[in-house]
K.L.:
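The structure under discussion is supplied below as structure tokens; questions concerning it will follow.
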Amino acid sequence: MAKQFRKKVLSREDDEDETAQNRREKERGVKRQPTSPREANDDDDGSESEQERLRDQREREQLDRNIRERDAAATRKLSEQKQAFTTRRSNIVGDVETLRKVSRQEYLKKREANKLKELGESIEDGEYLYKGVKLTEAEYNQLSYEKKIYELARNHEAATHHDHDQYYRIPEPYDDHEGGVNQEKRFSVALQRCWDDDLNGRDKKSNPFAEQKAWEDQQIGKATLKFGSKNKRRKCDEEYDFVFEDQIEFVKASVLLEGDQMIANGNVDVGKVQPSHQLDKLREERKTLPIYSFRERLLQDVEKNQVLIIVGETGSGKTTQIPQYLHEAGYTKGGKKIGCTQPRRIAAMSVAARVSQEMGVKLGHAVGYSIRFEDCTSEKTVLKYMTDGMLLREFLVEPDLASYSVVMVDEAHERTLSTDVLLGLLKDIARYRPDLKLIISSATLDAEKFSDFFDSAKILRIPGRRYPVDIHYMEAPQADYLDAAIVAALQVHVTQPPGDILVFLTGQEEIETAEEILKHRTRGLGTKISELIICPIYANLPTELQAKIFEPTPEGARKVVLATNIAETSLTIDGIKYVIDPGFSKMKSYNPRSGMESLQVTPISKASSMQRAGRAGRTGHGKCFRLYTSYNYDSDLDDTTVPEVQRTNLANVVLTLKSLGIHDLVNFEFMDPPPCEALLKALELLFALGALNKVGELTKVGRRMAEFPVDPMLSKMIVASDKYKCSDEVISIAAMLSTGSSIFYRPKDKQVHADTARLRFHSGNVGDHIALLKVYNAWKEANYSTQWCYENYIQVRSMKRARDIRDQLERLLERVEIKLSSSNDLEAIKKAVTSGFFPHCARLQKNGSYRTIKHPHTAHIHPSSGIMALEHHVLPRCVLYHELVLTTKEYMRQVTEIKPEWLVEIAPHYYQLNGVVEEDYSTSKKMPRGKGRTSTSKQIPSLVDYSICV
DNA sequence: GAGCACTGC
């Protein structure tokens, strides 16, 4: 069954192309080659359609004109932005083109003006010192900037070797012997040497790097002045030879012996059985795993204890072996299963595949996996790998997990939302099921905490098979971590033996910037260094580009991977030997009071930095360069990341727990209880949605809502769609809203085209929700074509995900007895949406901003909204929004205009017209009591008239 | 007129 579904999905993709092909061939028979299926339909009619076509054409021409105008404006704006960017980043990148124009005189004048004749500076105790004089940070940065100009001039000169008279050069000896440093002279000497090489012919030029290096060696002694105290001289120049003038120094501090679980790499082969000789080989391999010698002890411990905490380091084989040992020891007798949860789908799939190979069975038979959209198990399955969210859903069907004899929660230290809820629930049911064995696997740091949570459960430590990682810290803190990361990467490239580099950055924008700078810098160095392949990786990167990081590095080259947090846990890249860790990541936080989510750059935790460092030691002895000091590490970083339960919206969790019959949420045993306020907020919302009654019990509506694996407001919307007879449309909207990633694709160089393409879905100013529906339907109309997505600047991946979710929602409709019904009435659809999202409404204020109605809070419509994209847009009086996000401002994302009357009609318990109005006015000076209440204002109620009663 | 860390059901 499960495999059939999988096959269906796959074959649908194949069909897609075939049908698109057919369609195109059919269309060729029509007199005019249409460019879209819609036009093809228009052509079939008679003269009436001809008129329509002319009108269409006129519209298109107008649109084209608009596009051209916008295009020109966008180009202007882009060049302005580029200019601004160049200026801002010039202290890192510099700009060779600009430099070309800087003559020596100008340069000296500038320098004179800045009174920076000599450059000899240092940082002591976080203060910038220049010959004992304290500098402000701005002054210090100016100093560095000057030096970088020199460096770039040098590189540029070295690369071009002509017209050098108009450039800066003084072929003089350098450095005063009194200890002062004459930077200017030093640079010029280097320049001169480059030229000499060139002028004296090939033989000398064959070794320009030696000269360069001699100069650099000279630099090293001085470079130590820059960071760190003046008195101390380090011996690092004996260890490395540096190429970069603004070079970073690290202190080797410790060796990491920390790790994570082994993930079997490679594709999952469904149903592939190994030939017997390979099976023997696999069996032999199993015996070489570190965990093998712990087999008997492990089985004894499981026998004696109900809960066992396993601390297993990288490569110990715990994920693949423990369930097999338990199976061999007979825990699967009597039709009982062994379940093993993973935080990620990929892990569940690949581990299951590996284990099925080891056991020599078909995947999906004795060994299977279960993830959303794909249930690869059968009645015969005894070892079941699954995502933790999946086990949570199984609780809904089987609250005591009667069919399981053992549950293993793997990677529990990651503390995902599902893991935390699961741990609470497992602890709860373990009391009633003494025969149920629990195994929790965790990292070293949290083992004690897990043990405490499970009433001092026994801890079993299993050594891993991992390589040591040297950890290097910075001497002094860095002002700009991005700059530091780039310098460090280049430094590693030049000074360290072969091995790929992994740099952790916070987001897409930062990665793109870093990529640009790195390319620029390596170009400046030309052939002096070996090739550096730059590979960006982040979740939103198209899949075909993501594959690039897994390509083996060619001989003589080095790969530098610029990654977000995705490389911390989710994917493993072979060949990484060096990790550069600036110590930051983006983290989501949630403010229960305002219901606002925000994504902010925050320092990582110690556990996280260990995890990052561990990425260097997967294939051999590695090195990790931390761009912060060891003092920072010890005193500034938290031990562990704040678990997700404490920084997220809990509405869904509360609904799940309530439907499991857990009423006393405050006393539910979370390992780290979430803030009370967040729980109350979630309860309040569920009550408002009608999922809970006044005493906090689950209602019939709530039970139906809990069936849908989406946020409660979305599930309410789906349940309500039954009443408005538009469930077909509403599940499409719900699926589109819950894809998580953005639907519209907006590449930097084609923003205008992308915007106009998007605008087409907003025709009629229908609002973002309906626009999403239009996108989905248009895609469906185009036979789910990938080509169509490219043409319309739509993300294929998001759409495919939306289709999967929609299919699942459609199947679930049947379960809660909602008929699939379609309606063309946009108002009905909007009303159904309002039924779920009435707590998310805002009204327009005089200054053009909005104020949310429930807890008054100022917000703005997000510029990506269709409402803002339309020309001469009029701000709607009252809007409904999908979510509130805090970025540069407080924004409402996915906005649709609604009629205020609907609110009273749909949620009379939440908004009502009552006497509070009078009170409101009496306290406000704006409108005197009893006056200004015209009859019209009574006929068309304004939102001011609604008070909230919850 | 702004931005999208990462999972998961």
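A note on names: the letters A, B, ... follow the listed sequences, proteins ahead of strands, and every chain is numbered from 1.
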K.L.:
What nucleic acid atoms does T888(A) come within less than 4.0 Å of, heavy atoms only: base, sugar-phosphate, or nothing?
P.N.:
sugar-phosphate
K.L.:
Just wondering, more than 12 heavy atoms not from Y745(A) lying within 6.0 Å of its OH?
P.N.:
no
K.L.:
Should we say atom CZ of F550(A) is surrounded by more than 12 heavy atoms from elsewhere, each under 6.0 Å from it?
P.N.:
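For F550(A), atom CZ is crowded (more than 12 foreign heavy atoms under 6.0 Å).
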K.L.:
Between dA2(B), dC9(B), dA5(B), spot the one nearest the side chain of N565(A), thanks.
P.N.:
dA5(B)
K.L.:
Take the protein atom CZ of R415(A) and the nucleotide atom P of dG8(B), then report the distance between them rounded to whole Å.
P.N.:
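Nearest whole value for this atom pair: 19 Å.
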K.L.:
Nearest to the side chain of K586(A) - dC9(B), dA5(B), dG8(B)?
P.N.:
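Nearest nucleotide to the side chain: dA5(B).
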K.L.:
Between dG1(B), dG8(B), dC9(B), which nucleotide has the shortest distance from any of its atoms to the side chain of Y891(A)?
P.N.:
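Among dG1(B), dG8(B), dC9(B), the one nearest the side chain of Y891(A) is dG1(B).
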K.L.:
Nearest to the side chain of T387(A), heavy atoms from C-beta on, is which of dT7(B), dC9(B), dC6(B)?
P.N.:
dC9(B)
K.L.:
Do D672(A) and R415(A) meet the salt-bridge criterion of a basic N to acidic O distance under 4.0 Å?
P.N.:
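Salt bridge: yes.
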K.L.:
DNA chain B: K588(A) or R372(A), which has the more 5' nearest nucleotide?
P.N.:
K588(A)
K.L.:
Ignoring backbone atoms, test whether R893(A) places a side-chain nitrogen or oxygen under 4.0 Å from the OP1 or OP2 oxygen of dA2(B).
P.N.:
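No.
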K.L.:
Using atom NZ of K889(A) as one end and atom P of dG1(B) as the other, report the distance to the nearest whole Å.
P.N.:
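Distance check: K889(A) NZ to dG1(B) P gives 7 Å.
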K.L.:
Nearest to the side chain of T564(A), heavy atoms from C-beta on, is which of dC6(B), dA2(B), dC9(B)?
P.N.:
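Shortest atom-to-atom distance from the side chain points to dC6(B).
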K.L.:
Among residues at least two apart in sequence or on other chains, which ones pass side-chain contact (heavy atoms from CB on, under 4.5 Å) with E890(A)?
P.N.:
M596(A), H857(A), L886(A)
K.L.:
Could you pick out which residue, S370(A) or I537(A), lies toward the 5' side of DNA chain B when each is mapped onto its nearest nucleotide?
P.N.:
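Closest to the 5' end, via its nearest nucleotide, is I537(A).
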K.L.:
In whole Å, I'd like the distance from the CE atom of M390(A) to the P atom of dT7(B).
P.N.:
19 Å
K.L.:
Report which part of the nucleic acid L599(A) touches: base, sugar-phosphate, or nothing (heavy-atom distance under 4.0 Å, all strands).
P.N.:
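Base contact.
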K.L.:
Mind calculating the distance between CZ (R811(A)) and C1' (dC9(B)) to the nearest angstrom?
P.N.:
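Spelled out: CZ on R811(A) to C1' on dC9(B) is 13 Å.
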K.L.:
By the 4.0 Å heavy-atom rule, please label T416(A) as base, sugar-phosphate, or nothing.
P.N.:
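Here T416(A) touches no strand at all.
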K.L.:
Please report the distance, rounded to the nearest Å, between NE2 in H862(A) and C1' in dG1(B).
P.N.:
9 Å
K.L.:
Classify the nucleic acid contact of Y538(A) as base, sugar-phosphate or nothing, counting any heavy atom under 4.0 Å across all strands shown.
P.N.:
sugar-phosphate
K.L.:
Between D804(A) (CG) and dG8(B) (P), how many Å, whole number?
P.N.:
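From D804(A) CG to dG8(B) P: 13 Å.
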K.L.:
NA contact type, I371(A), heavy-atom cut-off 4.0 Å: base, sugar-phosphate, or nothing?
P.N.:
sugar-phosphate
K.L.:
Is the CD atom of E814(A) crowded by more than 12 outside heavy atoms at less than 6.0 Å?
P.N.:
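12 or below, so no.
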K.L.:
Roughly how many Å is it from CD1 in I805(A) to C1' in dC9(B), rounded to a whole number?
P.N.:
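My rounded result for the distance is 9 Å.
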K.L.:
Check whether any side-chain N or O of S605(A) sits under 3.5 Å from a backbone N or O of T641(A) as a donor-acceptor pair, and report yes or no.
P.N.:
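Yes, the answer is positive, given that a donor and an acceptor are paired below the 3.5 Å cut-off.
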K.L.:
Rounded to the nearest Å, what distance is computed from the CG atom of residue D410(A) to the P atom of nucleotide dT7(B)?
P.N.:
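My rounded result for the distance is 18 Å.
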